[in-house]
Amino acid sequence: MAILPITAAAKAAGISRQSMYNHINGGTISVTVDNSGKKGVDLSEILRVFGEIKPITQGAGLGDENANAQPEQSALIDALRDQITNLKD
């Protein structure tokens, strides 16, 4: 699944960034480090701990609206598209 930056992961979980760090530091959520050394949270971790992903923007569908989205929103939209495709297969 997709690796989201900490802030984007917090938004997807529907919690504050500080709460996400509390979950990380408490061991509830594991962190992944990419090749460039940046920390992030795998989308599957958010689903495992919180059970669902909260919408980042109201009314966001799966069209071309991510062309103007922030990078973390685009990553989340792409990850959700991949997950839908995998579920259909």
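Position 1 is the first residue of the sequence; numbering continues from there. Remember, predicted model here, so these are calculated numbers, not experimental data.
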**Fill in**
R17 meets the salt bridge (Lys or Arg N to Asp or Glu O under 4.0 Å) criterion, sequence neighbours left out, with none
**Item:** Audit row: I46, E52, side-chain contact (heavy atoms from CB on, under 4.5 Å) steps and yes/no
**Value:** CA-CA 7 Å; I46 297 168; E52 64 181 357; over 6 Å; no
**Asked** Distance from D42 atom CG to I29 atom CD1, nearest 0.5 Å?
**Response** 11.0 Å
**Item:** Gap between atom CG of L43 and atom CG of L4 - 0.5 Å precision
**Value:** 5.5 Å
**Message:** Quick check: do H23 and I15 have side-chain heavy atoms less than 4.5 Å from each other?
**Reply:** yes
**Fill in**
Contacts satisfying ring-ring contact (aromatic ring centres under 6.0 Å, His included) that involve residues 27-46 (not counting sequence neighbours) are none
**Prompt:** Looking only at atom types and distance, does a side-chain atom of E45 sit under 3.5 Å from a main-chain N or O of S30, one as donor and one as acceptor?
**Reply:** yes
**Message:** Is the shortest side-chain heavy-atom distance between V41 and I6 below 4.5 Å?
**Reply:** yes
**Prompt:** Where do S16 and A10 come nearest, in terms of heavy atoms and distance?
**Reply:** O-CB, 3.6 Å
**Note, D34 side chain near I3 side chain (heavy atom, < 4.5 Å)** = no
**Message:** Can you tell me how far apart CG (N25) and CE (M20) are? Round to the nearest 0.5 Å.
**Reply:** 11.5 Å
